[in-house]
Colleague: 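Pasting in a structure now, in structure tokens, and then I'll have a few things to ask.
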Amino acid sequence: MTHIIILMGPPGAGKGSVAQKLSAEKKLPHISTGSLLREEIAKGSELGEKVESIMQSGQLVDDATVIALLKERISQDDCKNGFILDGFPRTPPQAEALELMFHEMRKSDPLVLYIQVNEETVVKRISGRKECSGCGKIYHDSTMPPKKQGVCDDCEKPLIQRHDDIESVVRERFSVYQQKTAPLIAHYEQKGLLRSVNGNPMLPEVMDQVFKVLEQF
Ligand code: ADP
Ligand code: ZN
């Protein structure tokens, strides 16, 4: 049984929410390149400054930058038994670089979970999405509200809306996904590593499917 899980799907498919649940259940770190980049912006690092406007416009950060960031993260000690990738790889060169890293680190093949959703689901989800400014936990105004309005259940920090979650930027992210990331689906399918789940229902139903797929893999 493999312990590396890659989550694929368009923005708003629920990759982050599924990753959060899987991470708790399987005791594996949840690695989101989007969150790693947002941390750099929050810290005000040189890297953060470089990527801020790119992310706000819905474009992808360049491959070399994201690959270096990811490589550094998965070589840390907590990743030695496996990890869950959310938002990486997003381009064919990133997928190639990842395969090379796995080879060098003597890792087995990953399981690639493709979360399929239709466009209306995405628009609805993203417009109500909120994220904890402290720990990054994801909420939704109507479907996953916090216990106390506006603050995180876990760390009590305020919930915020991401700068790239406004409708025009969401559309741009969607078209970038279709152009650059969607071709990876066929790539992983050919390698026999892809499993699909229907991401349109509410999270508990999606998780039931995810756990079934994991049992069978
Ligand atoms: P979503 O999956 O909802 O689009 P993420 O948090 O995964 O949100 O990503 C937010 C932004 O971070 C992306 O639009 C992009 O600018 C940048 N980003 C994240 N991961 C990558 C990646 N692997 N390659 C390039 N850019 C990335
Ligand atoms: Zn929190």
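Computed from heavy atoms alone, side chains included, the values below leave out hydrogens, waters and symmetry copies. Every number for a ligand or one of its atoms is a count from 1 in the order of the listing.
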Colleague: Do ligand 1 and K15 have nitrogen or oxygen atoms that lie under 3.5 Å from each other?
Modeller: yes
Colleague: Given side-chain contact (heavy atoms from CB on, under 4.5 Å), test R38 with M55 step by step and report yes or no.
Modeller: CA-CA 9 Å; R38 282 188 290 279; M55 285 176 71; 3.9 Å; yes
Colleague: Has E205 got a side-chain atom pairing as donor or acceptor with P201's backbone, closer than 3.5 angstrom?
Modeller: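 Between the backbone of P201 and the side chain of E205 there is no qualifying donor-acceptor contact (under 3.5 Å).
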Colleague: Within the 4.0 Å heavy-atom shell around R129, which atoms of ligand 1 are there?
Modeller: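 Listed by number with element, the hits are 3 (O).
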Colleague: Using a strict 4.0 Å cut-off to heavy atoms of Q94, name the atoms of ligand 1 that fall inside it.
Modeller: 22 (C), 23 (N), 24 (N), 25 (C)
Colleague: Starting from atom 15 (C) of ligand 1, locate the nearest protein heavy atom and write down its residue, its atom name and how far away it is, to 0.1 Å.
Modeller: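 Protein heavy atom with the smallest distance to atom 15 (C) of ligand 1: Q59 O, 3.5 Å.
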Colleague: Counting only heavy atoms, which portion of R38 has something under 4.0 Å from ligand 1: side chain, backbone, both, or neither?
Modeller: side chain
Colleague: So, does S57 use its side chain to make a donor-acceptor pair with the main chain of I54 at under 3.5 Å?
Modeller: yes
Colleague: Under 4.0 Å, heavy atoms only, figure out whether ligand 1 is touched by the backbone of V66, its side chain, both or neither.
Modeller: side chain
Colleague: Considering E172, R162, R125 one by one, which has a heavy atom nearer to atom 8 (O) of ligand 1 than any of the others?
Modeller: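 Among E172, R162, R125, the closest heavy atom to atom 8 (O) of ligand 1 belongs to R162.
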Colleague: Under 4.0 Å, heavy-atom basis, I'd like to know which part of D164 is in contact with ligand 1: side chain, backbone, both or neither.
Modeller: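 Within the 4.0 Å criterion, D164 contacts ligand 1 through side-chain atoms alone.
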Colleague: Determine whether the side chain, the backbone, both or neither of D86 has a heavy atom under 4.0 Å from any heavy atom of ligand 1.
Modeller: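 Neither; no heavy atom under 4.0 Å.
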Colleague: What residue and heavy atom of the protein are closest to atom 12 (O) of ligand 1, and at what distance?
Modeller: M55 CE, 3.2 Å
Colleague: Mark the output for E131 as yes if a heavy-atom distance to ligand 1 is under 4.0 Å, and as no if none is.
Modeller: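 Not so, E131 does not reach ligand 1.
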Colleague: Under 3.5 Å between some N or O of ligand 1 and some N or O of G87?
Modeller: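 Such a contact does occur with ligand 1.
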Colleague: With heavy atoms of F88 as the reference, note each atom of ligand 1 found under 4.0 Å away.
Modeller: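 In order of numbering, the contacting atoms are 23 (N).
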Colleague: Look only at the side chain of T33 and the backbone of G87, and say whether a donor-acceptor pair between them is shorter than 3.5 Å.
Modeller: yes
Colleague: Can you tell me if R171 has over 12 outside heavy atoms packed within less than 6.0 Å of its CZ?
Modeller: no
Colleague: Can you tell me the protein heavy atom closest to atom 25 (C) of ligand 1 and the distance?
Modeller: V61 O, 3.2 Å
Colleague: Scan for salt bridge (charged side-chain N to carboxylate O under 4.0 Å, His left out) pairs involving residues 40-66, sequence neighbours excluded, and state none if there are none.
Modeller: E40-K43
Colleague: Could you identify the single nearest non-hydrogen protein atom to atom 13 (C) of ligand 1 and state the distance to 0.1 Å?
Modeller: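 Checking every protein heavy atom, the shortest distance to atom 13 (C) of ligand 1 gives R90 NH2, 4.0 Å.
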Colleague: Before moving on, can you tell me the angle at the Zn ion (ligand 2) between the SG atom of C132 and the SG atom of C135, to the nearest 10 degrees?
Modeller: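 Seen from the Zn ion (ligand 2), SG and SG are separated by roughly 110°.
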Colleague: Taking heavy atoms and a distance under 4.0 Å, where does R173 meet ligand 1: side chain, backbone, both or neither?
Modeller: side chain
Colleague: What are the atoms of ligand 1, with element, lying closer than 4.0 Å to any heavy atom of T33?
Modeller: 19 (C), 20 (N), 21 (C), 23 (N)
Colleague: Please list the nearest protein heavy atom to atom 17 (C) of ligand 1 with its residue and the distance rounded to 0.1 Å.
Modeller: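 Result for atom 17 (C) of ligand 1: L37 CD1, 3.7 Å.
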Colleague: Output yes when a side-chain donor or acceptor of K15 lies under 3.5 Å from a complementary backbone atom of P10, and no otherwise.
Modeller: yes
Colleague: Can you tell me if R125 uses its side chain to pair, donor with acceptor, with the backbone of G12 under 3.5 Å?
Modeller: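 Flag set: sc R125 to bb G12 pair under 3.5 Å.
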Colleague: Under the 3.5 angstrom rule, does the side chain of T121 hit a backbone N or O of V117 as a donor-acceptor pair?
Modeller: no
Colleague: Between S108 and F102, is there a side-chain heavy-atom distance shorter than 4.5 Å?
Modeller: no
Colleague: Please check if the side chain of Q20 supplies one atom and the backbone of I138 the other of a donor-acceptor pair under 3.5 Å.
Modeller: yes
Colleague: Looking at E156 and V151, would you say the former's side chain and the latter's main chain have a donor-acceptor pair under 3.5 Å?
Modeller: no
Colleague: Taking the Zn ion (ligand 2) as the vertex, measure the angle between atom SG in C152 and atom SG in C155; round to 10°.
Modeller: 110°
